[in-house]
There are 2 protein chains.
Amino acid sequence: MNLGSRDLRAVIALVEERNFTRAAQRCHLSQPAFSALIRTIEEGLGARLFERSTRNVELTPEGRLFESSARRALADLDAMVDDFRDHATRRKGRVAVAALPSLAAGWLPAVLAEYRRRYPGIELELFDTLSDGCIALVRGKRVDFALASAAGDDAEFSTEVLCSDGFYLVCPHGHPLAAVDKVRVKDLQRHPFVHLARSSSVRQHLEAAFHPLRMRTVLEVEHLASVAGLVKAGLGITVVPELTLFHFERAGLVVKPLQARGLARTIYLVRRRSGRLSAAAQALYDLALERLPAPRRRRAGRRLIG
Amino acid sequence: MNLGSRDLRAVIALVEERNFTRAAQRCHLSQPAFSALIRTIEEGLGARLFERSTRNVELTPEGRLFESSARRALADLDAMVDDFRDHATRRKGRVAVAALPSLAAGWLPAVLAEYRRRYPGIELELFDTLSDGCIALVRGKRVDFALASAAGDDAEFSTEVLCSDGFYLVCPHGHPLAAVDKVRVKDLQRHPFVHLARSSSVRQHLEAAFHPLRMRTVLEVEHLASVAGLVKAGLGITVVPELTLFHFERAGLVVKPLQARGLARTIYLVRRRSGRLSAAAQALYDLALERLPAPRRRRAGRRLIG
DNA sequence: CACACTTACGATATTCGTAAGGATT
DNA sequence: AATCCTTACGAATATCGTAAGTGTG
């Protein structure tokens, strides 16, 4: 037998109205159609739900059991439908995203804030971790997608370029390099360097860019804020991508675009290839693409990405 | 929107089969009809439940939420229908009945035993109490109906005669009355009486029958078994209805029908007038009427009830 | 080209509302 | 007589299955 929410509503309406005519109105049906509906339900169940006399309509003793179950079942069905719609329309939900620490601290918060304004009912979760960690979180389904610099296996992951992130020299005011017009990679070779850890994507790009030149490493730390402090104190210079510059500008350091063709890291949106993103996740994904990190106008007047 | 158990079954079939053709077979539908059904459900919900590519069918992330709810809701609906049917067909249920102590000890147990054989899934509850208590239990909805000697208010209760219960003299062997051929009420006047409590229906019938004659009361007790013991010990005689005779015959006493027109108590089936009995209660009610207490062939050869 | 889902379409069932019928107060 | 549920019946609607269409591996 096929019992639907419509049927349950009809039964409950009749229980409450104790009158076919009024219950029919509540169900937007003519009274005979409503009568037939109740009859059909009763036939499907195999026994009467209501005891009718011309002047009175009331539940049978078995009908009374049915009523309480029916109310619960109808509430469950309605809640189920509402919940589905809420998720589909992004009134409810949850998005988990992984992002490189530089993005998580600089550009992403504004995007998340806008997302939250648009979809206040959706819970957000952010993992700020290095690229390998980001990819692992995507693989392990801990996050819906990641903002990372390394694109993983193409069979497992679907990647899309978010932006290209050019590299900048950072040095203290008064440093010899601060006066150089166009800084080239080989200009840096003689100066002591403060580095990020080898596991960071920034460092890996740098190593590749300098090869086969050597760098004079004085210190190696985990966090960009530490790098900024060390450079500020005159321990060395550093080279970092554009999206991290807010750290150094806040610290009152000189930042200068590096004249180095091909020295740029690419930031990708990375997600699992199988399945699709939830409505909530897709909306954040799309918003990220809309609010691309705006490249600053470089001294040379070129834009990094079209 | 109208979401039915049929719809839920279709969704669940498709989740499990991940294939429209096989899921359609499970639902006894042609594949296009099944496809249309899923489409209709999705339109009603306002978003896709399934992601289809020609070679693969899988739930959307929102659909995954829906699935688990749908399984629960479907199980609830099915359980609700099954439960209703079980109650309507007397595979489940509960009957509470009140009965006079004489009936509860003598005739009723065999009826209950037969009922239980027929409907082993139905719980039984029996209150053995005096007539007023029986009526009160009916009024308070503690029992479905009662077997009592007093019919209550006709507006509140519906009553039906179960049987008429004739009165018998009970005396010890060798007692002068044991030899009398046809015992009349006035023959008893001179003998000491053992009585039931004034609140019992038996006593009330007796008082009416003897009026205006006086009875020589020696003792007054609550239980028939006590009366039997006292009569056996020679303290007096007693008069009791036929349905209690098993007590006295077991005790080896003489029982003789009383020649007294109109001296009989009527046993009624008493139930509330409003509402109807549950299927389980109605079955016991009907069985009681089928298994009427069989009147014994009296010496005079007359039957008390037709 | 084979498989799987969708669309098209005519046939069948179901459901609907109006009007008449019947029962109860 | 008034009220309320049921039955009757033609019309509108929904659902079904067959057959053709479309897209993907």
Side-chain angles (χ1 to χ4, degrees), chain A residues 1-60 63 67 154-156 158 273-276, chain B residues 1-60 63 67 154-156 158 273-276:
Chain A
M1 103 157 283
N2 180 24
L3 200 57
S5 43
R6 172 198 163 83
D7 301 315
L8 300 180
R9 259 183 272 274
V11 169
I12 289 169
L14 188 51
V15 168
E16 290 176 356
E17 297 290 349
R18 302 167 60 88
N19 174 304
F20 275 67
T21 309
R22 289 193 300 272
Q25 286 167 353
R26 253 173 65 167
C27 294
H28 310 291
L29 277 175
S30 71
Q31 186 272 322
F34 183 82
S35 190
L37 176 58
I38 296 291
R39 182 168 44 77
T40 304
I41 295 168
E42 288 178 329
E43 282 169 5
L45 288 171
R48 289 242 146 157
L49 283 168
F50 294 94
E51 196 54 36
R52 296 93 141 152
S53 55
T54 349
R55 291 289 158 184
N56 200 26
V57 176
E58 65 177 333
L59 281 166
T60 58
E67 184 212 344
D154 197 59
E156 184 176 7
S158 160
R273 188 167 287 281
S274 75
R276 69 153 45 182
Chain B
M1 105 157 283
N2 179 23
L3 200 58
S5 42
R6 173 198 163 84
D7 301 315
L8 300 179
R9 260 183 271 275
V11 169
I12 290 169
L14 187 51
V15 168
E16 290 176 356
E17 298 290 349
R18 302 167 59 89
N19 175 303
F20 276 66
T21 309
R22 289 193 299 274
Q25 287 168 352
R26 255 174 62 167
C27 294
H28 310 292
L29 277 175
S30 72
Q31 186 273 321
F34 184 82
S35 190
L37 175 59
I38 295 291
R39 181 169 44 78
T40 304
I41 295 168
E42 289 177 329
E43 282 169 4
L45 287 170
R48 289 243 146 156
L49 283 168
F50 295 94
E51 195 55 36
R52 299 95 143 146
S53 56
T54 25
R55 293 287 160 183
N56 201 26
V57 176
E58 64 177 333
L59 280 166
T60 58
E67 183 212 344
D154 198 59
E156 184 175 7
S158 160
R273 190 168 285 283
S274 75
R276 67 154 44 182

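Chain A is the first sequence line, chain B the second, and so forth, proteins listed ahead of strands; every chain is numbered from 1. The analysis underlying the following values was restricted to heavy atoms, covering all of them including side chains, and did not include hydrogens, waters or symmetry mates. Keep in mind the model is a prediction, meaning the values are calculated, not measured.
If B:Arg18 and A:Arg6 are placed on DNA chain C by their nearest nucleotide, the residue sitting closer to the 5' end is B:Arg18. Mapped onto DNA chain D by nearest heavy atom, B:Ser30 and A:Arg39 fall at different nucleotides, with A:Arg39 at the one closer to the 5' end.
A donor-acceptor pair is defined here as one N or O able to donate and one able to accept, closer than 3.5 Å; no such pair exists between the side chain of B:Ser35 and the backbone of B:Gln31.
Straight-line distance from the CD atom of A:Glu42 to the P atom of D:dC5: 13 Å, rounded to whole Å. If you take CD of A:Glu43 and P of C:dT14, they are 12 Å apart, rounded to a whole angstrom. In this structure, the CD atom of A:Gln25 is 14 Å from the C1' atom of C:dG17, given to the nearest Å. In this structure, A:Arg22 places its CZ atom 13 Å from C1' of D:dC5, rounding to the nearest Å. Rounded to an integer number of Å, the gap from A:Asn2 CG to D:dA14 P is 16 Å.
A heavy-atom distance below 4.5 Å is not found between the side chains of A:Glu67 and A:Val11. Within the 4.5 Å cutoff, the side chain of B:Thr60 has no heavy atoms near those of the B:Glu42 side chain. When side chains are defined from C-beta on, B:Leu49 does not count as touching B:Ile38, because their heavy atoms never get closer than 4.5 Å.
Between B:Arg273 and B:Ser158, the closest heavy-atom pair is NH2-CA, 3.8 Å. In this structure, A:Val57 and A:Phe50 approach most closely via the heavy-atom pair CG1-CD2, 4.0 Å.
Of the candidates D:dG17, D:dT6, C:dT6, the closest approach to any side-chain atom of A:Phe20 belongs to D:dT6. When each of C:dT18, C:dA4, C:dA8 is scored by its nearest atom to the side-chain atoms of B:Asn19, the top-ranked nucleotide is C:dA4. Checking C:dT6, C:dT15, D:dT6 against every side-chain atom of A:Ser35, the shortest atom distance belongs to D:dT6. Closest to the side chain of B:Gln31, out of D:dG17, C:dC5, D:dA19, is C:dC5. If you check C:dC16, D:dG17, D:dA19 against the side chain of B:Leu29, the one that comes closest is D:dG17.
Residue contacts shown for A:Leu37 are absent, as no nucleic acid heavy atom lies under 4.0 Å away.
Residues from residues 47-59 of chain A with heavy atoms under 4.0 angstrom of DNA chain D, sorted by number: A:Arg52, A:Thr54, A:Arg55, A:Val57.
Atom CZ of A:Arg26 has more than 12 neighbouring heavy atoms from other residues, nucleotides or ligands inside a 6.0 Å radius.
Phosphate contact (OP1/OP2 of D:dT3, side-chain N/O of A:Thr21, threshold under 4.0 Å): absent.
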